[in-house]
Student: 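Quick one: the structure is below, questions incoming.
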Amino acid sequence: MTKVALTLTINGQRHEVLTEPHRTLLDVLRADLGLTGTKENCLEAECGVCTVLLDGRAVNACILLAAQCQGRQVLTIEGLGRDGQLHPLQQAFIDHGAVQCGYCIPAMILSAKAYLDEHPAPTEAHVREALAGNLCRCTGYQKIADAVLAAARELAHRR
Amino acid sequence: MADRMRVVGKSLARVDAPGKVSGTAIYAADFALPGMLCGKVLRSTLPHARITRLDVTRAAALPGVRAVITAADVPDVRYGGGLKDETAFAKDKVRYMGQPVAAVAAATPEAAEAALAAIDVVYEPLPAVLDLEAALAPGAPLIHEAWESYTAIPILHREGNVCNRARIVAGDVERGFEEADRVFEHRFRTGMVHQGYTEPRAAVASWDSSGQVTVWSNTQLPFEVQNTLAEILQMPPSKIRVVVPGVGGGFGGKLRVGVEHFAAFLARKSGRPVRVATTSEEELTAAYPRQGSIVELKTGVTKDGRITAKAGRIWLDTGAFAGSGPGVASVATLVLAGPYKIPNLYLEGFAVYTNKTNCGSFRAPSGPQANFAVESQMDIIADALDLDPLEFRLRNIVREGDEGPTGQVLNGVGLEECLLKATAAIGWKDRRPGPGRGKGLACGWWTTTGGSSGVYVKINPDGTVALNTGAAEIGTAAITGAAQVLAEELGIDLTDISVVAADTFSTPFDFGAQGSRTAFAVGNACLAAAADLKRQIFALAAGQLGVEPDALTLADKHVAADGKRLSLADVARLSQQTGGGLIAHGTFIAPPTPYDTKRVEGHVYPAFHSPSFHAHAVDLSVDPQTGEVTIHKYVVAQDVGFAINPTYIEGQIEGGVAQGLGQTLSEEIIYEGGRVLNPNLTDYKMPTTLDVPRVESILVQHPSLVGPHGAKGVGEPPNIEPPAAVANAVAAATGVRITSLPITAEKIALGLVDARAGGA
Amino acid sequence: MSFEYHEPTSLAEAVDLGARFGADGRFLAGGTDLIIQIRRGKLRLRHVVGLHRVPGLDGIDANGSVTLGALVTHRALERHSAFQGRLRALVEGAEVVGGHQVRNVGTVGGNIVNASPAADVTPVLLTLDTTVTCAGRGGERTLPLDGFLVGPGQTALRPGELLTGLRFSALPGRSATAFLKAGRRKAMEISVVCVAARLTLDAAGERCAEVRIALGAVAPTTRRARAAERALEGRVPTPDALRAAGRLAAAESQPISDVRASARYRTLVVETLVTRALTRCLERIRDAAS
């Protein structure tokens, strides 16, 4: 099978990837690049645990061909913190007890980031709407919503 | 007392949070080894059939394929918990659609898929037993023809397709019905539901040259998996190491061997590490979901609302193998009794084979099914007696010192407080605030599962502490809770503790992350270890400081007496120089709960240890045309004994309610003709952010006699009452009583149409 | 699920590839349905032709009549200022498709070609008398969306042909649209029933001049409820008349019972949602006028 040569910018770093055309961004991130902070589950864009940001927008990496990402910017959870410091969203998730098993959390944080980047002062209803594509089975979402709202306040404060 | 505590009782951040929010925490599904192959399982495409041909030659010859195995390649053993009826692969016949028939390991997922497709298997269909009624019908086909020959614990009462009948008999139920002014009989049904953990079950197995296999798995019970693998592989447990890197949710669905044995067999045959992980389709067709059920209840009451007798039966559809069924059927009878004082009881739980996937344990196994029936009927009876449902409950609930259904003496009973606080918070006095709006109430009780736990606790030379536990952290923060107990006792901070967990070779035994027991049991083991360590520390420090050991106290990371002090770090270093370091092995086993053995039969779980009590109240609206339910407010008052970490207990409550609302309103694995119609997350509908309301958690604290600081198990209970609370609220809002789960908008809307037609 | 991947950079090249591969190939827009179908084994393809480097397919032109390129995402529909007023149903249909992650990628054109009977935006487009433009080796052709949808997963596209865009007229004054759906959950739902309605009142603002009602998930394709439309046109939209339209729409729907709902329930919901959608249109016309 013909492989496709791709250039992806992941967490600010250029990666040259040679892969088969049917492989998804999720396959490449996890299996080829070892970036397992992006999680794998339903593979049908229902659970949202594979959420990453593509050119700043939340996408399900499980149904996106890696080939579709040629030349584009990908942000995964591994690229969110800066200089060893947690992002305010990450810190808020810890502070508000929003983490249980944690498997959905990297995706949840990235969905929240994409939303807050565009809507810096959301209501709880907005936050819940923004995270509707991310299933969590542990928390019941309440502390997650609280964490995102707190992070929004913290980010506004820093501006 | 709690206000003198520095660490326990505080809402501190869990110890594993930073790794989880930064993506560096490794889960079993993330775990990989160099050269690892991809393993996949071929599953039966019929619910009940004889295998007339199974040929893997073509598959084995495909490029990239490194191993293909079937029943012929593995030891011929049946395994299981109390009843050994299961085999790794179907041998002569398949008993459910999804049963493993063969497994392959190949270099890539694509090659493994191709190999599965190339396996030649021919079935001869057999009459299938598709539901409980069919399984119990006279002359029903036997799912296990040779059931009598299976090894089982002697306590089980088995007969044909019934793999256990558990029974509680107390008083004289017929006389109780005679004493009643009214007798109510109702029937309820509940659907099969999946735990819905977001991380698929996954295992990687690797063999070394000495014939030892290591399995990295997301099991909740590494020691049980070690023993089961020993059975399946016919090897000593000492050659089987099970390690749990991290677990992305379990909820009881990751208790038993699921993919570990396939990984182990394939790795042995291929000589390479092999990873096997489930797909969503496999999860929804071939995992260990909650049993669907039928419940029949007959309850006698006096005019003034005292329950005189209750006869109840629950049939649990346990699928093609017993799995947890016999135990769950036992637990169910205690839930059927309810948290009520009823002098005359006749309660039976049946675990019944059908040609469906093998059901297991899902957070409070049997709890939601049985409680839905009991608490729905409580409201029906209250209405019929023209009593407020709260008042009716208050007239019958158990209180401190009362007897449980099997004669256990109850203590730490906070149920009345739970009921009063939950109803106060929901605004119970205004139960029907407007058209289409209503409030519902349900209460219950649950166990804190026993079993033993061991920990090693080691003081590092810098005065920090390593907690080594055999329990797996599945997300509940139970190990953080246990660490808080330890930190309190050793006078250190929670952040001073690092955790090593769940490795059957290096960590002490633990009965596992199940049954709401982890913080309870591991916490107690930590107390024992801390007591031992203190003796060691005081003995060393006494010599160093020239004081009597009895005079010493341990606080703020220092040992002190008479104004002299020594840091914990100094004592640890001293011990390393003189005595091999500070280390203790703390253990705990929950003491047995006495009960009246004459009252039970076929019963695997005759008493609820350190029972918890809880009440749920909900305020909701129903769209009168579409039947759609909107929840305005949800309140849980739960007697947790002592709240070791209030934040994470709230987390258990909020999450348990969300999961409970899923099985109440939207979730069901739907079978037709033995096939699952919705084997994907498009149609298996778990609640989203927009479906779950905010939950108000009220932590009631009536200490248990056994738990650390009086704590009780908290993880499972929040999942029990949502179905009944919602059913009761829907009835209050609409007058329509839904007696089956899930309570879909469709059932409500059609119920309303039928009620209007009937009323017209 | 292996296939060859192609990325044409012009429409002509895309058409060429489409014609060359015929039934062995499919165009990839957002891929949010296609990749799942391939993974489930429902589609076995040898060629996938990615369209996102073909220029000009993702534009929205709303000056006068509206044209939507096939690659317009649901997100773009949700946010476009031209759709916040009379065309609000487009937003309402788009914003309930999957989660943000899917709406950021999934396209209107892909959704139409996927031809799910339960598609959410398609009924809205049906109420707007949308036409679709397809390009193939034989050139371009334009046909009504209504006739384009043939059955579940089936459209009038010829092998190798490519849907390039949609077009519908701007709505006159005294018009409004509304979209409603029912499902088991409040998000991430495939509709049990979805309903789109458009209402245009006469110059006096008294009678229904033009009515469009379209239904999802109650027939092999999303479809218009023509009897209900006819019954209302020329009538004063009283609550009774709107309820009667709901009943007619229910009568002309042909739902099946499946894992998501029974036919009986779907019929009931059609009646309710059609009445409500029409009522909402009426309220919106009045709100806009006041």
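Chain letters run A, B, ... following the sequence lines, proteins first and then strands; every chain starts at 1. Remember, it's a predicted structure, so these values are computed and weren't measured experimentally.
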Student: NE2 of A:His22 to CD of B:Glu110: how many Å apart, nearest 0.5 Å?
Tutor: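 Here the interatomic distance stands at 3.5 Å.
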Student: Highest number of heavy-atom pairs under 4.5 Å with chain B: which of A:Gln90, A:Glu78, A:Glu129?
Tutor: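 Among A:Gln90, A:Glu78, A:Glu129, the one with the most close pairs to chain B is A:Gln90.
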Student: Between A:Cys101, A:Gly48, A:Ala125, which shows the greatest number of heavy-atom pairs under 4.5 Å with chain B?
Tutor: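 If we count pairs closer than 4.5 Å to chain B, A:Cys101 comes out on top.
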Student: Using non-hydrogen atoms and a 4.5 Å limit, figure out which bit of A:Gln91 sits close to chain B: side chain, backbone, both or neither.
Tutor: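 Answer is neither: A:Gln91 stays 4.5 Å or more from chain B.
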Student: Indicate yes or no: at least one non-hydrogen side-chain atom of A:Arg137 is less than 4.5 angstrom from one of B:Pro687.
Tutor: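 In contact.
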Student: Counting only non-hydrogen atoms closer than 4.5 Å, does B:Ala32 touch chain A with its backbone (N, CA, C, O), its side chain (CB onward), both, or neither?
Tutor: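 Answer is neither: B:Ala32 stays 4.5 Å or more from chain A.
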Student: Is B:Pro200 close to A:Asn41 at the side-chain level, that is, under 4.5 Å between some pair of heavy atoms?
Tutor: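 Yes - at least one pair of side-chain heavy atoms lies under 4.5 Å apart.
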Student: For the interface with chain A, which of B:Gly655, B:Ala17, B:Gly248, B:Ala658 has the highest count of heavy-atom pairs at distances below 4.5 Å?
Tutor: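 Maximum pair count with chain A is reached by B:Gly655.
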Student: Would you say A:Lys39 and B:Asp30 make side-chain contact, with heavy atoms under 4.5 Å?
Tutor: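 Yes; the side chains approach each other to less than 4.5 Å.
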Student: Check each atom of B:Glu473 against the heavy atoms of chain A and say whether the ones under 4.5 Å are side chain, backbone, both or neither.
Tutor: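 Neither part; nothing is under 4.5 Å.
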Student: With only heavy atoms counted, which part of B:Ser22 is less than 4.5 Å from chain A, the side chain, the backbone, both or neither?
Tutor: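 For B:Ser22, heavy atoms of backbone and side chain both lie under 4.5 Å from chain A.
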Student: For a 4.5 angstrom cut-off between non-hydrogen side-chain atoms, does B:Ser280 reach A:Leu43?
Tutor: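 A side-chain contact is absent here, since even the closest heavy-atom pair is not under 4.5 Å.
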Student: Which of the residues B:Gly651, B:Ala202, B:Ala13 is involved in the greatest number of heavy-atom pairs with chain A at under 4.5 angstrom?
Tutor: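 Greatest number of close heavy-atom pairs with chain A: B:Gly651.
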Student: Can you tell me which portion of B:Arg694 sits under 4.5 Å from chain A's heavy atoms? Options are side chain, backbone, both or neither.
Tutor: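 Backbone plus side chain of B:Arg694, per the 4.5 Å heavy-atom cut-off to chain A.
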Student: In terms of heavy-atom pairs under 4.5 Å with chain A, which of B:Glu281, B:Glu283, B:Gln195 leads?
Tutor: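 Maximum pair count with chain A is reached by B:Gln195.
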Student: State which residue, out of B:Leu681, B:Asn680, B:Asp683, fulfils the side-chain contact (heavy atoms from CB on, under 4.5 Å) condition with A:Glu46.
Tutor: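 Testing A:Glu46 for a side-chain contact (heavy atoms from CB on, under 4.5 Å) against B:Leu681, B:Asn680, B:Asp683 leaves exactly one candidate, B:Leu681.
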Student: Given that the side chain runs from C-beta out, which part of A:Leu131 has a heavy atom under 4.5 Å from chain B: side chain, backbone, both or neither?
Tutor: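 When you check distances to chain B, atoms from both the backbone and side chain of A:Leu131 fall under 4.5 Å.
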Student: Determine, stepwise, if the pair A:Val99 / B:Lys20 fulfils side-chain contact (heavy atoms from CB on, under 4.5 Å).
Tutor: CA-CA 8 Å; A:Val99 181; B:Lys20 287 180 172 178; 3.7 Å; yes
Student: With the side chain counted from C-beta on, respond yes when B:Gln652 and A:Gln100 share a heavy-atom pair under 4.5 Å apart, and no when they do not.
Tutor: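 Yes; the side chains approach each other to less than 4.5 Å.
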Student: Do you know which of A:Ile109, A:Leu35, A:Asp95, A:Ile94 has the most heavy-atom pairs with chain B at a distance under 4.5 angstrom?
Tutor: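 Going by pairs under 4.5 Å, I would pick A:Ile94.
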Student: Any side-chain heavy atom of B:Met686 within less than 4.5 Å of one from A:Leu135?
Tutor: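 B:Met686 reaches A:Leu135 side chain to side chain.
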Student: Is there a donor-acceptor contact under 3.5 Å from the side chain of A:Arg128 to the main chain of B:Leu690?
Tutor: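 Absent.
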Student: Can you confirm whether more than 12 heavy atoms, excluding those of A:His126, are under 6.0 Å from its NE2 atom?
Tutor: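 Atom NE2 in A:His126 is not packed in, count stays at 12 or less.
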Student: Nearest 0.5 angstrom please: A:Thr36 OG1 to B:Phe31 CZ, how far?
Tutor: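 It is 11.0 Å, given to the nearest 0.5 Å.
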Student: Can you say whether B:Leu661 sits under 4.5 Å from chain A via the side chain, the backbone, both, or neither, judging by heavy atoms?
Tutor: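 No part of it gets close to chain A.
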Student: In Å, rounded to the nearest 0.5 Å, how long is the span from CE of A:Met108 to OG1 of B:Thr198?
Tutor: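 If I round to the nearest 0.5 Å, the distance is 9.0 Å.
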Student: Write down the atom of A:Tyr103, the atom of B:Ala29, and the distance for their closest heavy-atom approach.
Tutor: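 What the structure gives for the nearest pair is OH-CB, 3.6 Å.
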Student: Test A:Gln142 against B:Ile653 for side-chain contact (heavy atoms from CB on, under 4.5 Å), laying out the working first.
Tutor: CA-CA 11 Å; A:Gln142 187 161 321; B:Ile653 292 174; over 6 Å; no
Student: Is it the case that more than 12 heavy atoms not belonging to A:Gln85 sit under 6.0 Å from its CD atom?
Tutor: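 No, not enclosed.
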Student: With only heavy atoms counted, which part of B:Val657 is less than 4.5 Å from chain A, the side chain, the backbone, both or neither?
Tutor: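 Neither; nothing under 4.5 Å.
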Student: Measuring from atom NZ of A:Lys143 to atom OH of B:Tyr648, what distance do you get when rounded to the nearest 0.5 angstrom?
Tutor: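 The OH atom of B:Tyr648 is 9.5 Å from NZ of A:Lys143, to the nearest 0.5 Å.
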